[in-house]
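Remarks on the structure that follows.
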Amino acid sequence: MNLARLDLNLVVALRALLEERNVTRAGQRVGLSQPAMSAALSRLRRHFDDDLLARVGGHYELTALGQVLLDRTSTAYDVLERLFASQADFDPARESREFTLVASDYAVSVFGARLARVVHEEAPGIRLRFAQTPPTAVDDTATLLSAVDGLLMPHGIISGFPATDLYDDRWVFLVADDHPGVADRLTREDLARLPWVTYQRTYDAPAVRQLGMLGIEPHVEVSVDSFQLLPLLVAGTRRIALIQARLARLLTPVAAVRVLEPPYEAVTLQEALWWHPVHTHDAAHIWLRETAARVGGQVAETREGAVVG
């Protein structure tokens with residue numbers, strides 16, 4: 001494939017055609033006349049040697065290849081858009097831009113809120129958007145990172161992409177204040193016999209793998225798509241939950257729970273900001289990473305869960 005011979009404007013037309021499945025609407029979407037969009041479709045059909053859009057009755061449907069290209073074109077468009085939005089210079093005090101970071105509610109609570117305060121003070125024209133980590137983050141990390149500015153996730157779950165270390169954390173357990181079967185310390189037997197509340201995704205995989213290596217099979221009674229809900233689902237029950245220490249200290253005032261140390265030497269959690277290589281030399285993204293690293297250092301210097309204005 002000789003990219004020098006390709007018209008990258010066809011990526012824009014291809015995306016519109018595949019998503020709209022209508023030549024006229026696709027042309028209106030990208031500002032082309034109906035004849036111009038028809039000509040673009042003809043060029044695309046010759047390139048792929050496929051109809052891409054096939055008429056069925058009174059409408060068009062995607063061919064098998066068109067369906068495959070639908071997701072790939074969206075990813076390619078996002079990469080190109082971010083590539084050509086790269087800047088040689090960036091003045092945070094004067095620029096206007098939005099950065100999208102994918103993160104769990106844990107990362108937003110412990111790190112994102114502080115980052116947002118710093119950005120508000122130093123770069124008033126910069127907007128931050130935090131998006132919930134999708135289930136596909138681990139299986140298709142490249143596609144996810146191509147469409148956003150970064151992913152907040154601990155080491156040990158994904159690899160092969162550049163990352164900036166932010167801060168470390170450790171795992172602790174939550175039990176109800178009035179738990180009838182747990183005193184001041186947990187035992188490994190407690191972990192095996194008591195019901196659990198878990199974060200339903202597997203992004204805390206190193207901690208889960210460690211439990212398996214210790215021969216502990218959690219009896220999961222409740223799973224939830226939010227770390228912040230764990231204390232509420234533990235309070236007043238016999239359940240236990242594994243949670244990050246910094247988040248636990250922030251949440252214990254809102255639920256009648258106790259924080260207990262694991263009855264084993266738990267693996268350390270090292271939070272990082274991951275990004276797609278296309279951003280590496282972008283001045284705006286360099287500023288974002290440097291600011292994130294500075295804020296991460298501030299988090300690391302504070303005691304677990306301390307709220308700092």
Query raised in the report: Does a side chain donor of either Q34 or S38 reach within less than 3.5 Å of an acceptor in the other side chain?
Result: yes

Report task. Would you indicate whether R45, at its atom CZ, is surrounded by more than 12 heavy atoms from other residues, nucleotides or ligands within a distance under 6.0 Å? Result -> yes

Report summary line: Smallest heavy-atom separation, A183 atom then R258 atom, equals O-NH1, 2.5 Å

Query raised in the report: Roughly how far, to the nearest 0.5 Å, is CG of D51 from CG of L62?
Result: 11.5 Å

Query raised in the report: Would you call D165 and R289 a salt bridge, taking side-chain N to carboxylate O under 4.0 Å as the test?
Result: no

Query raised in the report: What's the verdict on ring pair (Phe, Tyr, Trp, His ring centres under 6.0 Å) for W287 and F90, showing C-alpha distance, side-chain angles and the deciding distance?
Result: CA-CA 8 Å; W287 171 82; F90 183 75; 5.5 Å; yes

Query raised in the report: Is F161 linked to V102 within one hydrophobic cluster, defined over Ile, Leu, Val, Met, Phe, Trp and Tyr using a side-chain heavy-atom separation of less than 4.5 Å?
Result: yes

Report task. Look at the side chain of T73 and the backbone N and O of L70, then say whether any donor-acceptor pair between them is shorter than 3.5 Å. Result -> no

Query raised in the report: Looking only at heavy atoms, what is the nearest atom pair of A284 and R97, with distance?
Result: CB-NH1, 3.0 Å

Query - Hydrophobic cluster identity match, V118 and L101, side-chain contacts under 4.5 Å - result: yes

Query raised in the report: With a cut-off of 6.0 Å (strictly less than), are more than 12 heavy atoms of other residues, nucleotides or ligands near CZ of R185?
Result: no

Query raised in the report: Does a side-chain heavy-atom distance below 4.5 Å link Q270 with P154?
Result: no

Query raised in the report: Below 4.5 Å, heavy atoms only, C-beta onward: do V197 and S223 meet side chain to side chain?
Result: no

Query raised in the report: Do D50 and T63 pass the side chain to side chain donor-acceptor pair (under 3.5 Å) test, and can you show the C-alpha distance, the side-chain angles, and the key distance before you say yes or no?
Result: CA-CA 8 Å; D50 188 271; T63 64; 2.7 Å; yes

Query raised in the report: So, the side chain of Q298 versus the backbone of A293: is there a donor-acceptor pair under 3.5 Å, distance only?
Result: no

Report task. Spell out, as yes or no, whether a donor-acceptor pair under 3.5 Å connects the side chain of D282 to the backbone of H279. Result -> no

Query raised in the report: Can any side-chain N or O of R193 pair as donor or acceptor with the backbone N or O of H219 at less than 3.5 Å?
Result: no

Report task. Output, in order, the C-alpha distance, side-chain angles, deciding distance and verdict of salt bridge (charged side-chain N to carboxylate O under 4.0 Å, His left out) for E121 and R117. Result -> CA-CA 6 Å; E121 294 168 358; R117 288 197 294 271; over 6 Å; no

Query raised in the report: So which heavy atom on G150 is nearest to which on L145, and how close?
Result: C-CD2, 4.4 Å

Query raised in the report: Between CZ of F99 and CG of L115, what distance do you get to the nearest 0.5 Å?
Result: 10.0 Å

Query raised in the report: Are L174 and V220 linked, directly or through other ILVMFWY residues, by side chains that come within less than 4.5 angstrom of each other?
Result: no

Report task. Return yes if a side-chain donor-acceptor contact under 3.5 Å exists between D190 and T187, otherwise no. Result -> yes

Query - Backbone N/O of R238 and side chain of H179: donor-acceptor pair under 3.5 Å - result: yes

Query raised in the report: What do the steps show when you test L194 against R239 for side chain to side chain contact (heavy atoms under 4.5 Å, CB included), and what is the final call?
Result: CA-CA 6 Å; L194 293 173; R239 304 181 191 118; over 6 Å; no

Query raised in the report: Linking I/L/V/M/F/W/Y whenever any side-chain heavy atoms sit under 4.5 Å apart, do L65 and L17 land together?
Result: yes

Query raised in the report: Side chains of W275 and T280: do they bring a donor and an acceptor to under 3.5 Å?
Result: yes

Query - P277 and P162, any side-chain heavy atoms less than 4.5 Å apart - result: yes

Query raised in the report: Any side-chain heavy atom of Y60 within less than 4.5 Å of one from N22?
Result: no

Requested in this report: For I126 and P92, work out which heavy atoms get closest and say how close.
Outcome: CG1-O, 4.2 Å

Query - Polar contact flag, side-chain donor to acceptor under 3.5 angstrom, Q228-S109 - result: yes

Query raised in the report: Is E261 paired with R170 through a side-chain N to carboxylate O contact shorter than 4.0 Å?
Result: yes

Query raised in the report: For the residue pair V172 and A248, what are the closest heavy atoms and their distance?
Result: CG2-CB, 4.0 Å

Query raised in the report: With a 4.5 Å limit on heavy-atom distance, are the side chains of L152 and W274 in contact?
Result: no

Report task. Would you mind reporting whether V299 and L166 have side-chain heavy atoms less than 4.5 Å apart? Result -> no

Query - R21/E61 salt bridge by N-O under 4.0 Å criterion - result: no

Query raised in the report: Distance-only, no hydrogens or angles: does the E95 side chain make a donor-acceptor pair with backbone N or O of G125 under 3.5 Å?
Result: no

Query raised in the report: Backbone N or O of R246 within a donor-acceptor pair of the D169 side chain at under 3.5 Å?
Result: yes

Report task. Decide if the gap between the ring center of F173 and the ring center of W196 is smaller than 6.0 angstrom. Result -> yes

Query raised in the report: Any donor-acceptor pair under 3.5 Å linking the side chain of D91 with the backbone of A93?
Result: yes

Query - Validation row: Y199, V224 side chains within 4.5 angstrom (heavy atoms) - result: no

Query raised in the report: Given side chains that start at C-beta, do those of I158 and L151 come closer than 4.5 Å, heavy atoms only?
Result: yes

Query raised in the report: When you measure from the side chain of R25 to the backbone N and O of E20, does any donor-acceptor pair fall under 3.5 Å?
Result: yes

Query raised in the report: When you check the side-chain N and O atoms of T268 and D168, is any donor under 3.5 Å from an acceptor?
Result: no

Report task. Taking all heavy atoms of Q210 and all of A266, pick out the closest pair and write down the distance. Result -> OE1-CA, 3.5 Å

Query raised in the report: Just checking, any donor-acceptor pair under 3.5 angstrom between side chains of D105 and S226?
Result: yes

